[in-house]
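Just below is one structure, and these are the notes that go with it.
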Amino acid sequence: MKRIELLGVPIDICRQEELEGEIMRILEKPGMKQIVFLSVWDLLKARNKKKDLGDALRNADLVLPVSKSILKGARFLKLDVPVRYNPFNAVIQILNTLDYNYRSLYLLGAHKKTLQTAEHNVHDTFKNLRIVGRYVGYFPKSAEPNVVQAIYKASPSLVIVSEGIKEKNLWAYHRREQFSSSIFLYYRDCLGIFGGRIKRVSEKSFDAGHEIWNEIAHNPAKLFLIFPYWWYKTLLICTRLFGKKKSGESGIYHVESLEKQAK
């Protein structure tokens, strides 16, 4: 597996047929592990505002792009083009791997009814996968030590983190010293889809890169994402025209000076 950097943000190139092997390889590593589904919006946050998110991505065991714009950006900068993943399909593939190898799962997030339904459906689908615990999202700060302790004691192979966890990908990263093992994977809609409350994006819409329109339909304010998207395109163009390759790293560019001038 190869890792590239797009605008300074790490992205892994992992083919579909390699994912099962990567999951098992990651499981064998000691300590807390993390898989990240990277959108173009998270990419921009990681480089501009969220230093912790950038650090989390650099320390993640697997960073899988989910936005078509990321692939286009890599191709535009003449980098190796990564494989784009549909988050739901990737989760199913990961759970199939864990099921086949008799591993365990912890579910974190969503409201009680959705979580219970999701647990039931996962249990019915993946017969060999042990669900060793669950906890609702939107919990008060005072409950957090109990949540962390429960996950630590259960020591699951995978923790799916879903809606109701404000820190998203950073929740596990900020508490990494409190976990002795487990892979953590944040996917906001995961438990909602498993629980039947959220309808997942169709394959046709996802393949076309139109999943953003489904989000805008539910939240019209996301129309304003056009502005950070323009900034992303501007960064790509500036990098292509004026960026310099880092010495010894073929195909990796930096445009820090250009960003400073723009700011």
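Source: prediction; values computed, not measured.
- A cation-pi contact links Arg240 to Phe76, judged by a cut-off of 6.0 Å to the six-membered ring centre and 45° from its axis.
- In this pair, Trp171 and Phe184 present their aromatic rings tilted. The plane angle is within the 30 to 60° band.
- Pairing each heavy atom of Pro82 with each of Ile13, the nearest pair is CA-CG1, 3.8 Å.
- Summarising the geometry of Tyr186 relative to Phe37, their closest heavy-atom pair is O-CD1, 4.0 Å, with the distance given to 0.1 Å.
- No side-chain heavy atom of Gln34 sits under 4.5 Å from any side-chain heavy atom of Leu62.
- A search for ring pair (Phe, Tyr, Trp, His ring centres under 6.0 Å) contacts involving Tyr138 returns His111, not counting sequence neighbours.
- Checked against a 6.0 Å centroid threshold, the rings of Phe194 and Phe88 count as neighbours.
- Side-chain atoms of Leu19 and Ile94, non-hydrogen and from C-beta on, do get closer than 4.5 Å to each other.
- Put simply, the side chain of Val9 does not reach to within 4.5 Å of the side chain of Val63, judged on heavy atoms.
- Every pair passing salt bridge (charged side-chain N to carboxylate O under 4.0 Å, His left out) that includes a residue from residues 139-150 is listed here, sequence neighbours excluded: Lys141-Glu144, Glu144-Arg175.
- Put simply, CZ on Arg75 and CG on Leu236 are 12.5 Å apart, with the number rounded to the nearest 0.5 Å.
- In the hydrophobic clustering of ILVMFWY residues, with side-chain heavy atoms under 4.5 Å counting as a link, Ile70 and Leu77 come out together.
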(message) With side chain to side chain contact (heavy atoms under 4.5 Å, CB included) as the criterion, how do Arg188 and Ile165 come out once you've worked through the C-alpha distance, each side chain's angles and the decisive distance to 0.1 Å?
(response) CA-CA 9 Å; Arg188 183 193 63 190; Ile165 307 300; over 6 Å; no
(request) Assess whether side-chain hydrogen bond (donor to acceptor under 3.5 Å, both in side chains) is satisfied between Ser67 and Ser39, documenting all intermediate values. (result) CA-CA 5 Å; Ser67 296; Ser39 70; 4.8 Å; no
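- Residues Arg84 and Phe206 have side chains in contact (heavy-atom distance under 4.5 Å, counting atoms from C-beta outward).
- Here the straight-line distance linking atom SG of Cys14 with atom OH of Tyr85 works out to 4.0 Å at 0.5 Å rounding.
- Note: the hydrophobic cluster containing Val66 does not contain Val40 (ILVMFWY, side chain heavy atoms under 4.5 Å, direct or indirect links).
- A donor-acceptor pair under 3.5 Å links the side-chain atoms of Asn101 to the main chain of Thr97, judged by distance alone.
- For Thr114 (side chain) and Ala110 (main-chain N/O), no donor-acceptor pair under 3.5 Å exists by modelled atom type.
- In the hydrophobic clustering of this structure, Tyr135 groups with Phe179; members are Ile, Leu, Val, Met, Phe, Trp, Tyr whose side-chain heavy atoms approach within less than 4.5 Å, directly or through other members.
- By the 4.0 Å N-to-carboxylate-O rule, Asp12 lies too far from Lys2 to be salt-bridged with it.
- The CD atom of Glu17 sits 11.5 Å away from the CD atom of Glu22 when rounded to the nearest 0.5 Å.
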(message) Under the criterion side-chain hydrogen bond (donor to acceptor under 3.5 Å, both in side chains), I'd like the reasoning laid out for Ser205 against Ser202: C-alpha separation, chi angles, the key distance, then a yes or no.
(response) CA-CA 5 Å; Ser205 293; Ser202 69; 3.0 Å; yes
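- Taking CG of Leu105 as the start and CD1 of Ile183 as the end, the distance is 11.0 Å to the nearest 0.5 Å.
- No single ILVMFWY cluster, assembled from side-chain heavy atoms under 4.5 Å apart, contains both Tyr100 and Met24.
- Hydrophobic clustering of Ile, Leu, Val, Met, Phe, Trp and Tyr side chains at less than 4.5 Å, counting indirect connections, unites Val161 with Ile193.
- Between Ile4 and Ala74, the shortest heavy-atom distance links the atoms CD1-CB, 4.4 Å.
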(request) Please step through side-chain hydrogen bond (donor to acceptor under 3.5 Å, both in side chains) for the pair Glu20 and Asn96, ending with a clear verdict. (result) CA-CA 9 Å; Glu20 179 178 350; Asn96 273 326; over 6 Å; no
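- Ion pair Arg197/Glu163 flagged as a salt bridge, since at least one NZ, NE, NH1 or NH2 atom sits closer than 4.0 Å to an Asp/Glu carboxylate oxygen.
- For Glu28 (side chain) and Arg25 (main-chain N/O), no donor-acceptor pair under 3.5 Å exists by modelled atom type.
- Between Ser162 and Tyr187 there is no side-chain heavy-atom pair separated by less than 4.5 Å.
- For the pair Asn89 and Glu203, the minimum side-chain heavy-atom distance is below 4.5 Å.
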(request) Could you give me the CA-CA distance, side-chain angles and deciding distance for Trp231 and Leu44, then say whether side chain to side chain contact (heavy atoms under 4.5 Å, CB included) is met? (result) CA-CA 9 Å; Trp231 176 239; Leu44 289 171; 4.2 Å; yes
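- Between the CZ atom of Arg134 and the CD atom of Gln116 there is a distance of 5.0 Å, given to the nearest 0.5 Å.
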(message) Under the criterion side chain to side chain contact (heavy atoms under 4.5 Å, CB included), I'd like the reasoning laid out for Val36 against Asp42: C-alpha separation, chi angles, the key distance, then a yes or no.
(response) CA-CA 10 Å; Val36 177; Asp42 287 333; 5.8 Å; no
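- When all heavy atoms are compared, the tightest approach of Leu107 to Leu191 is CD2-CD2, 3.9 Å.
- The backbone N or O of Ile151 lies less than 3.5 Å from no partner atom in the side chain of Ser155, so there is not a single donor-acceptor pair.
- Within the model, atoms OG1 of Thr117 and CD of Glu119 stand 10.0 Å from one another, a figure rounded to the nearest 0.5 Å.
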(request) Begin from the C-alpha positions of Tyr232 and Ser69 and carry the test side chain to side chain contact (heavy atoms under 4.5 Å, CB included) through to its verdict. (result) CA-CA 9 Å; Tyr232 172 68; Ser69 300; 3.9 Å; yes
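- The minimum heavy-atom distance linking Asp99 with Asn128 is given by the pair OD1-N, 2.7 Å.
- The backbone N or O of Lys29 lies less than 3.5 Å from a partner atom in the side chain of Lys33, making a donor-acceptor pair.
- For Phe139, the CZ atom counts as densely surrounded, since its 6.0 Å shell holds more than 12 non-hydrogen atoms of other residues, nucleotides or ligands.
- Cation-pi geometry between Arg103 and Phe126 is not met: the NZ or CZ atom fails to fall both under 6.0 Å from the ring centre and inside 45° of the normal.
- Counting all heavy atoms, side chain and backbone alike, Ser157 lies closest to Leu27 at O-CD2, 3.5 Å.
- In the displayed structure, His174 atom NE2 is contacted under 6.0 Å by more than 12 heavy atoms of other residues, nucleotides or ligands.
- The side-chain heavy atoms of Ser104 and Leu129, taken from C-beta on, include no pair separated by under 4.5 Å.
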